[in-house]
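Numbered from 1 within each chain, the chains take letters A, B, ... in sequence-line order. Since the model is a prediction, treat every value here as computed from it, not as a measurement.
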Amino acid sequence: MSERAYRPQEIEPKWQKKWEEQQLYRTSTDASKPKYYVLEMLPYPSGTLHMGHVRNYSIGDALARYKRMQGFRVLHPMGWDSFGLPAENAAIKNKRDPGEWTRANIANMKRQLRSFSFSYDWEREISSCEPEYYRWNQWFFLQMWKKGLAYRKQSLVNWCPECATVLANEQVVNGCCWRHEQTPVEQKELEQWFFKTTAYVEDLLCDLDELEGGWPDRVISMQRNWIGRSEGTEVDFTLEGSDEMVRVFTTRVDTIFGATCVILAPQHPWVAEFGMAEKAAPMIAAQKDKAADDLEKDGFFTGKYALNPYSGEKVPIWVGNFVLWGYGTGAIMAVPAHDQRDFEFCRKFGIPVVPVIQPADGELPKAEDMIEAYAEYGIAAVCGQWSGLPSAEAKAQMTAFAEEKGFGEGAITYRLRDWGVSRQRYWGTPIPMIHCPKCGTVPVPEKDLPVRLPENVELTGVGESPLKTVPEFVNVACPECGGPAEREADTMDTFVDSSWYFYRYCDPKNDQAPFSTENAAAWFPIDQYIGGVEHAVLHLIYCRFWTKMMRDLGLITWNEPASRLFTQGMVIKDGAKMSKSLGNVVSPEEMVGQYGSDTARAFSLFAAPPDRDLDWQDSGVEGMSRFLARVYRLVTRHADDQAAPSASPANDADKAALRKLHQTIERVTADFDSRWHFNTSLAGIMELTNELYALEEKLSPGVLAECLRRLTLLLEPFAPHLSEELWEALGEQGPVLDVAWPAYDAELAKDDSVEIPVQINGKMRGKVTMAVDASQEEVVAAAKADENVARHLEGKTVRKTIYVPGRMLNLIVG
RNA sequence: GCCCGGGUGGCGAAAUCGGCAGACGCAGGGGACUUAAAAUCCCCUUUCCGCAAGGAAGUGCGGGUUCAAGUCCCGCCCCGGGCACCA
């Protein structure tokens with residue numbers, strides 16, 4: 001027996017080096033094994049790894065290791081996002097090249113990650129910010145262009161006249177530029193590129209059913225809401241004194257007899273036509289301003305009137321700040337009596353309220369008594385020929401009527417809009433298009449890909465787009481006519497990169513195609529995708545769209561990229577999400593230096609279940625470190641025992657130890673296969689360790705040897721360096737990753753006695769220890785023999801006996 | 001406002017199917033070892049009453065179902081996240 005101190009600072013580098021040399025994490029090509037593709041969401045290269053990352057990667061890594069020990073061929077790749085805006089801002093601030101900045105950050109993140117020995121297949125590393133990758137972004141762009149899925153249109157952007165640059169919505173503060181707090185943000189029309197996500201809107205919605213069970217319910221419901229399908233009717237109102245018509249969308253055409261005005265979005269073309277664009281401009285800016293949370297309803301009368309096609313009634317046309325240009329037709333009919341928003345608007349501006357729907361079991365509300373709109377379905381009361389019909393029936397008949405008369409039709413609208421991919425930034429994938437004065441918009445020929453970013457561009461943060469200022473980049477010959485033309489200077493949104501990176505992992509070096517169908521088919525769909533819930537609607541819609549688009553290009557045959565999704569909780573520190581910008585980061589480097597990476601990763605899993613937010617407190621780390629050292633001492637002091645492992649108990653202590661061992665194996669295995677509550681897995685392993693400490697002296701050497709070996713294997717997914725070190729100390733051959741996960745033996749795990757709580761009238765009065773197969777009579781007899789139970793039964797009759805075998809006895813007395 | 005989560009000891013949490021509330025760990029207390037300290041090992045630790053045996057209360061609040069509720073049902077309150085005038 002020898003006792004050694006646990007020194008992770010020595011052990012971990014030793015195994016890191018060995019594993020690198022062995023290329024331990026390279027993906028197996030053994031096709032006889034079932035595949036398992038596990039992936040954490042692409043990290044952005046912020047340059048600083050924090051405990052939030054470590055927790056995320058520890059979850060995926062524990063799973064990857066477990067699956068590998070279970071005999072799977074595991075793909076667990078690692079990649080890097082290009083993260084455009086921060087790169088560019090850093091470049092402007094520090095006068096550095098954004099590429100250099102990004103690459104330096106990636107190198108730093110990589111170095112820090114490697115000290116944890118996460119089981120990434122570094123051979124399959126990709127960087128989505130390198131030309132080899134954006135070549136294929138461009139290739140996809142061209143395919144979409146051919147199919148009409150990529151198009152260009154005029155679109156309003158936030159514009160700061162001071163910087164002469166485009167602002168993202170979050171850069172608008174109180175209607176002003178974030179850098180020039182006195183300068184109001186303007187709206188500017190720019191030609192922007194879009195991907196037609198709406199072409200797949202029904203697919204995106206219907207296929208959510210396919211994901212049910214594999215994806216968290218809340219993500220599915222967030223996506224449903226985001227897509228926002230609603231059925232209704234489009235109806236034309238005629239402008240008084242002209243033939244022009246304005247189309248409105250409504251889900252409640254049955255209320256149209258109560259329409260008392262038409263309200264246009266401030267961006268509506270009629271507003272400009274009426275010469276009121278200037279009056280509407282501040283409203284548009286206010287709509288885009290994220291800081292103005294609850295915008296008060298505002299509007300103005302245009303002086304014009306429209307005619308209701310059902311009643312022929314003349315109603316005023318208004319402009320309202322709460323009407324959205326991007327939804328429906330950008331114009332509404334206001335029915336104040338039956339829509340709360342319309343009610344607020346009309347009451348504010350003195351527009352009449354006309355109730356036309358009455359509750360099924362009540363009276364038609366009186367306008368002067370109403371304090372809020374009656375928005376429920378009811379009975380059409382004052383609705384011309386449809387009066388008397390229930391709302392649903394009236395809706396159907398009135399829509400049919402509009403179709404018959406040609407002034408409207410049934411319509412489905414979606415909240416989901418096309419994906420604007422244009423960015424007026426330097427650091428991103430250049431859009432492979434050329435504008436020719438003669439030929440129009442012409443795609444760059446595929447043989448000329450990739451279109452590379454020009455080097456040595458000075459970034460100022462001023463001006464429409466940095467690439468526009470580089471003549472060598474912009475001035476090109478038109479590929480069709482050879483005449484002088486201009487290259488598109490916008491770059492692509494970085495969400496494009498993350499929409500298909502996981503396909504590229506299957507074939508990262510392919511220079512003929514984004515990936516080969518065969519290689520992707522070998523791994524897809526992703527068996528387990530892991531990431532933060534903050535991606536529930538953007539990334540996770542875009543990448544689903546991309547998969548469907550690739551399916552229609554004939555590249556793949558499946559509908560969905562990932563069959564299972566796990567959303568892990570955030571790491572909270574001092575009441576806020578841990579992030580570099582908030583300065584509440586716990587540095588893993590420091591923790592690794594002090595306790596080692598095994599401690600850091602095991603603790604990040606032990607502190608809370610992975611799907612729950614984790615309130616970070618340093619105080620528990622010590623305990624995890626103590627536990628690992630405790631295991632280390634226990635195993636190393638018996639490492640030289642020379643006993644052959646044995647699962648045949650020779651005494652009661654052996655039996656108890658083997659029972660605990662197999663109960664723990666069952667528990668940890670079940671956690672991996674279902675809930676991933678690694679905190680309870682680790683608690684179980686701690687209990688096993690405590691039990692072995694208690695029984696240590698009494699165990700026969702073979703059984704002890706057996707228990708120590710299984711314990712070592714159980715630790716592998718959580719503390720791989722320690723596990724490997726102990727495995728070697730025990731004289732076994734590694735790497736542990738290639739050793740089979742311990743099998744669970746139900747016979748050995750079985751308890752031979754069980755403690756049964758005894759209740760009287762539902763109150764705990766004692767416990768009896770019984771054989772597992774004891775009958776109800778035996779249990780009742782034993783219970784009555786218990787001193788305390790007998791005392792409570794004194795002078796009373798047992799009226800009812802409830803016995804749940806092996807669990808509980810409840811005696812009802814009166 | 002709508003849609004998701006969540007609320008359990010001094011703290012992080014556990015209780016997987018309605019069946020012993022608080023596993024495991026932290027912090028705290030006590031003991032052993034030590035000249036001493038650290039480290040280690042062992043014990044105690046929901047609250048209140050009690051010397052103890054034991055008793056009472058207890059999972060955000062108020063009701064309900066049940067032999068039995070942290071868990072199921074109805075009505076609220078609070079915290080976190082997401083979406084937000086979606087016609």
Examine [N]: is either OP1 or OP2 under 4.0 Å from a nitrogen or oxygen in the side chain of [X]? Give yes or no.
X      : N     : result
A:N225 : B:C2  : no
A:R667 : B:C24 : no
A:R637 : B:U40 : no
A:N788 : B:G55 : yes
A:H338 : B:A87 : no
A:K763 : B:G54 : no

So which nucleotide from [options] ends up closest to the side chain of [X]?
X      : options             : result
A:M764 : B:C83, B:A21, B:A14 : B:A21
A:F322 : B:C4, B:C42, B:C85  : B:C85
A:N810 : B:G55, B:A87, B:C67 : B:C67
A:S230 : B:G25, B:A87, B:C3  : B:A87
A:P609 : B:A13, B:C85, B:C20 : B:A13
A:F606 : B:C67, B:C24, B:C20 : B:C24
A:R633 : B:C41, B:C24, B:A84 : B:C41
A:R630 : B:C41, B:G54, B:C24 : B:C41
A:M686 : B:G25, B:C83, B:G19 : B:G25
A:V804 : B:G19, B:A23, B:A13 : B:G19

RNA chain B: 5'-proximal contact among A:R417 and A:Y693 (nearest heavy atom):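 By nearest-heavy-atom nucleotide position, the 5'-most residue is A:Y693.
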Specify the residue among A:G762 and A:Y327 whose closest nucleotide of RNA chain B lies further upstream toward the 5′ end.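 Upstream on the strand: A:G762.
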Taking the same atom, C1', in B:G62 and in B:C78, what whole-Å distance lies between them?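 Rounded to whole Å, the distance is 15 Å.
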Roughly how far apart, to the nearest Å, are B:C77 and B:A87 at atom P? 26 Å
Do the charged groups of A:R633 and A:E696 touch, with an N to O distance under 4.0 Å? no
Please determine which of A:T255, A:T250, A:D254 meets the side-chain hydrogen bond (donor to acceptor under 3.5 Å, both in side chains) test together with A:R252. A:D254
Around atom CD of A:E787, are there more than 12 heavy atoms of other residues, nucleotides or ligands at under 6.0 Å?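 Open.
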Sub-6.0 Å ring centroid separation between A:F349 and A:F300: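 No - the distance between ring centres of A:F349 and A:F300 does not fall below the 6.0 Å cut-off.
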Measure the acute angle between the ring planes of A:Y6 and A:Y632, then classify it against the limits of 30° and 60° as parallel, tilted or perpendicular. tilted
So, does the side chain of A:K800 form a donor-acceptor pair with the base of B:C67 at under 3.5 Å?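 Check fails, no donor-acceptor contact within cut-off.
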Please classify B:G9 as syn or anti, treating any glycosidic angle within 90° of 0 as syn.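 Chi for B:G9 falls in the syn range.
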